[in-house]
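When reading the values below, keep in mind they use all heavy atoms of this one structure, side chains included, and skip hydrogens, waters and symmetry mates.
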Amino acid sequence: MTMKAEASPPMHLVLFVLFLVYISWGSVYLGNKLSLEVAGPFLVCGVRNALAGILMLICAKLLKGCWRSVSRRDLCVHALLSVLLVTVAGGFLVLGQTSVPSVVTAVIMSSTPIFMLVGAFLFAGEPAPSKPQCIGMLAGACGIVFLSWNEQSAGTTSILGIFCLLAAVAGWVSGSLIMKKIPLTKEMSTLQSTGLILFLGGLETIVVALLLGEGSSVHLENATPLNMAAFAWMVIGGSFIAYWSYLWLLAHVNVSLAVSYEYVVPVIGIFLGWAVAGETISPGTVVACAVIICSVFLVVRHRHSFRAYIRHYLHMPARPAKAGR
């Protein structure tokens, strides 16, 4: 079964699903930080996504029309995508958080649409960025440089951690662009496909963690109800609920509304880092956050070319044009 555009759902349902995406992905940065007290970064990422992938595959198996046999081609394509979208993007995200506060992490990761636009133009044959997008990219780059300099000067962030986060962004962008060049099979449902990516990526990341020796550095004595609850929420909320809710939004609402998480999530991440983890928010961080989020808004608001890509990935028909437009 593939996702198809249907009649517009009631607004209260749309708002509820948006809330799930905002809270789920907005809390991931804090969840990663708390989980690192028990295990290493790649192990945290691998176990989280493997468990979420298993849950998704079980749901796909139980739901009528959502399951089909996996061919060798399906397995190879999903294994390739999982390396970039899970092992690189997820693993380096958690690795970066070992030396970068979740507040700063949330701001830097919010710049993903900027790098997506540049990558699509340079490597995927997308149209050249519009003037507002160019302004947004320039402002976003300045915001990232200023944030990195400000946090480095304050001694709360390492440059290596910043580069790890940028590597995570590069992994997500690369995987997304490759997904465009090597389309997934149309017979496999989105739920099963996403579950397979998360499951394979989780296994690959666990292997990386074991090769790096993280298996011998698990500190179960540091497990507390708070960090265990945070990890459980990342599995259920940050992976399972967030992905499923996001894909539902893409199928039922305008893309500009669905991707609004890209400038809402960092604000939630910053607030949770301050309220729960006691992280400091300096005036410089606030300024950089405002600049980067505004730049992301300019990029996302005018990223019309990605609508065709998203619909192609989800096998969704184009929406008919509204009267008077």
After noting the C-alpha distance and the side-chain angles of Asn32 and Met234, does the key distance pass the side-chain contact (heavy atoms from CB on, under 4.5 Å) rule?
-> CA-CA 8 Å; Asn32 284 335; Met234 285 199 302; 3.1 Å; yes
With side-chain contact (heavy atoms from CB on, under 4.5 Å) as the test, would you mind laying out the steps for Trp244 and Leu20 before giving the verdict?
-> CA-CA 10 Å; Trp244 203 343; Leu20 290 179; over 6 Å; no
Is there a side-chain contact (heavy atoms from CB on, under 4.5 Å) between Glu37 and Leu226 once you walk through the steps?
-> CA-CA 11 Å; Glu37 298 175 2; Leu226 179 59; over 6 Å; no
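Under a 3.5 Å cut-off, the side chain of Lys61 and the backbone N or O of Trp67 do not form any donor-acceptor pair. Without hydrogens or angle criteria, Ser82 side chain to Ala79 main chain gives a donor-acceptor distance under 3.5 Å. Between the side chain of Ser174 and the backbone N or O of Gly171, no donor-acceptor pair lies under 3.5 Å. Ser102 places no side-chain N or O within donor-acceptor distance of the main-chain N or O of Leu30, the cut-off being under 3.5 Å. Between the side chain of Ser217 and the backbone N or O of Glu214, at least one donor-acceptor pair lies under 3.5 Å.
Under the 4.5 Å side-chain heavy-atom criterion for ILVMFWY residues, a single connected hydrophobic cluster contains both Leu220 and Val235. Cluster membership check: Met228 does not share its hydrophobic cluster with Leu272, using side-chain heavy-atom separations under 4.5 Å among Ile, Leu, Val, Met, Phe, Trp and Tyr. Grouping the Ile, Leu, Val, Met, Phe, Trp and Tyr side chains by contacts below 4.5 angstrom, directly or via other members, places Leu211 apart from Val86. By the criterion of side-chain heavy atoms lying less than 4.5 angstrom apart, applied directly or through intervening Ile, Leu, Val, Met, Phe, Trp or Tyr residues, Leu212 is not grouped with Leu160; the two fall into different hydrophobic clusters. Taking hydrophobic clusters as Ile, Leu, Val, Met, Phe, Trp and Tyr residues chained together by side-chain heavy-atom distances below 4.5 Å, Leu196 does not share a cluster with Val207.
No side-chain heavy atom of Cys142 sits under 4.5 Å from any side-chain heavy atom of Val291. In this structure, Leu55 and Ile236 have side chains that are in contact, with non-hydrogen atoms separated by less than 4.5 Å. The side-chain heavy atoms of Leu57 and Phe199, taken from C-beta on, include a pair separated by under 4.5 Å. Tyr29 has its side chain out of reach of Pro101: every pair of non-hydrogen atoms, C-beta onward, lies at least 4.5 Å apart. In this structure the side chain of Met109 never reaches within 4.5 angstrom of the side chain of Trp172, judged on heavy atoms. Proximity of Asp74 to Arg68: side-chain heavy atoms (C-beta onward) are separated by under 4.5 Å at one or more points. By the 4.5 Å heavy-atom criterion applied to side chains, Leu80 and Ile178 are counted as neighbours. Leu34 has its side chain out of reach of Phe231: every pair of non-hydrogen atoms, C-beta onward, lies at least 4.5 Å apart.
Taking a 6.0 Å sphere around CZ of Phe92, one finds it holds 12 or fewer heavy atoms contributed by other residues, nucleotides or ligands. The number of heavy atoms from other shown groups lying within 6.0 Å of CZ (Phe271) does not exceed 12.
Considering CG of Leu85 and OG of Ser176, their distance stands at 5.5 Å, rounded to 0.5 Å. Distance CG/Asn49 to OH/Tyr243: 6.5 Å, rounded to 0.5 Å. Atom NE2 of residue His78 and atom CG of residue Leu200 lie 8.0 Å apart, to the nearest 0.5 angstrom. Taking OG1 of Thr87 as the start and CG of Leu81 as the end, the distance is 11.5 Å to the nearest 0.5 Å. Atom-to-atom distance recorded for Cys59:SG and Ile54:CD1 is 12.0 Å, nearest 0.5 angstrom. Taking SG of Cys66 as the start and CE of Met188 as the end, the distance is 12.0 Å to the nearest 0.5 Å.
In summary, the side chains of Ser27 and Trp233 do present a donor paired with an acceptor at a separation below 3.5 Å, with no hydrogens or angles considered.
In this structure, Ala209 and Leu43 approach most closely via the heavy-atom pair CB-N, 3.5 Å. Closest heavy-atom contact between Val100 and Ile162: CG2-N, 3.9 Å. Residues Pro41 and Gly91 come closest through the heavy atom pair CB-O, 4.4 Å. Heavy-atom minimum distance, Ser239 versus Leu198: CB-CD1, 4.4 Å. Heavy atoms only, all atoms of each residue included: Cys164 and Leu95 are closest at SG-CD2, 3.8 Å. The minimum heavy-atom distance linking Gly161 with Ser99 is given by the pair CA-OG, 3.4 Å.
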